Amino acid sequence: MVLNYLSEYKKKTKRSAKLFTKSKKLHINGVSHNIRFFEPYPFVVKKSSGKNLIDVDDNKYTDYWMGHWSLILGHGPKNVKESLKKQIEKSWMYGTVNEQTILLSELISKAVPVAEKIRYVTSGTEATMYAIRLARSVTGKKIIAKIDGGWHGYTSDLLKSVNWPFSESESSGVVNEEKIISIPYNNLEKSISILKKHAKNLAGVIIEPVLGGGGCIPATPEYLKGIQEFIHKNKSLFILDEIVTGFRFRFGCLYPTMKLNPDIVTLGKIVGGGMAIGVICGKKEIMKFADTTGKKKSERSYIGGGTFSANPASMTAGFATLNELKTKKSAYTKINNLGEFTRKELSKSFDGKVAITGKGSLFMTHFLNNGITEIRNATDAAKCDNLQLAKYHFKMTAHDGIFFLPGKLGAISNMHTKADIKKMITASENI
Ligand SMILES: Cc1ncc(COP(=O)(O)O)c(C=O)c1O
């Protein structure tokens, strides 16, 4: 870490430092999600608005982390806030069937063809956990394939091959790891040869159409089509994890643009409008396995829900967000164009020694290293100079009032302007 940025950061975040010392006494690593910690300590946020985070020392940051990329309309957009206020007046937790859920599901099911039936949970982690349980129930098989570098949340089953070199266990306490196999992204030949070895007991594959945590890398349509073809021929299930990509690039999912035909799609983040959510969407013929009426325990897949599932606050925020996106489709044109501009301009920075990956309003900088010239998968991304990336992001936080979670991809919201992007690019030229 460049020393003068470290002292600049410490000087302006004194109250954060004090509070974080307290937080460390109370919480593991001082945080409630491992990725939220960064050296020397993360600033403590007191409020957010539009494109900005404001910390307890009154520093303002233009935010590109945007609530784990969930806030496509920015922090506290007016219509979502108004809808939530009205809902809070009525109450925020019923624990019963409510109309808000039906309203949100009507929007999702019209926009996402596979969502013939929907089940809500309160995180993406739960959604992927249930999606693979369902796949195992439907097929009667046990093995799930995932991608090297694929992140689907902390669910024990999928906590495998997340971090390069992908061969080490990600955590103690995880069992039955042999039931999860891992395939290399965008390498169809190698992936198929691995899948073939497990074909007999393969329940399904789970893939992000844009590898998020693994480096913001779009899958090639040929790769996804090839995997889907093998999976369907094998009578296994094709699960797309669109928790990041759903409603991010267009009103709906990414998969129809690639003419894919998934059996199950998971959603989260944007569709909760900044409130806790996870969604399992599936075709009727798949979701009927989760129907508990008149089925023996051995036949049914017991999935989802939970105390806070489909709570009226999440449903209301999700509906207000999707409704705004539906009526203002120009928002997608705006943020997708800003993303394209960002990737083009950022790639000229750093004397061309970077690759900028992403799609639409998502982008990530990779400092090319170790002979890597192109980023096709999580291995390429991991071999880049990620220390340099963390330094670059920290410099912008400390010096320029621009926040990326160090090392993570950036998300542009409808609150960002071209002037914000230009400021970020200028800040990138001066590291
Ligand atoms: C693709 C993907 N799937 C699942 C998850 C887990 O979602 P959550 O953090 O809501 O549990 C994430 C979180 O970042 C994700 O990026």
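Numbering of residues begins at 1 and proceeds along the displayed sequence. Counting convention: from 1, in listed order, for ligands and their atoms alike. Please read all numbers here as calculations on a predicted model, not as lab measurements.
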Worksheet entry | Plane angle bin for H232 and F238 - parallel if under 30°, tilted between 30 and 60°, otherwise perpendicular |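 Perpendicular.
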To the nearest 0.1 Å, how far is [atom] from its closest protein heavy atom, and which atom is that?
atom	value
atom 3 (N) of ligand 1	D241 OD2, 2.7 Å
atom 10 (O) of ligand 1	G124 N, 2.9 Å
atom 2 (C) of ligand 1	W151 O, 3.2 Å
atom 16 (O) of ligand 1	V244 CG2, 3.2 Å

Worksheet item: What atoms in ligand 1 come closer than 4.0 Å to a heavy atom of S123?
Response: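 Checking each atom against S123, I get 10 (O), 11 (O).
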Worksheet entry | Identity of the nearest option to atom 13 (C) of ligand 1, non-hydrogen atoms only, from K269, E242, K408 | K269
Fill in: F341 six-ring face occupied by K418 cation (under 6.0 Å, within 45°)
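Judged by the rule (NZ or CZ under 6.0 Å from the ring centre, within 45° of its axis), K418 counts as positioned above F341.
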Worksheet item: Is there a heavy atom of E208 sitting under 4.0 angstrom from any atom of ligand 1?
Response: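 Distance cut 4.0 Å: E208 passes for ligand 1.
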Discussion item. Taking distance alone, with N or O pairs closer than 3.5 Å, would you say T125 contacts ligand 1?
Written reply: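 For ligand 1, there is an N or O atom that lies under 3.5 Å from one belonging to T125.
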Worksheet item: Is K51 salt-bridged to D420, cutoff N-O under 4.0 Å?
Response: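 D420 and K51: salt-bridged.
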Fill in: Any donor-acceptor N or O pair under 3.5 Å, side chains T128, H152
no
Worksheet item: Judged by modelled atom types alone, do E345 and S349 share a side-chain donor-acceptor pair under 3.5 Å?
Response: no
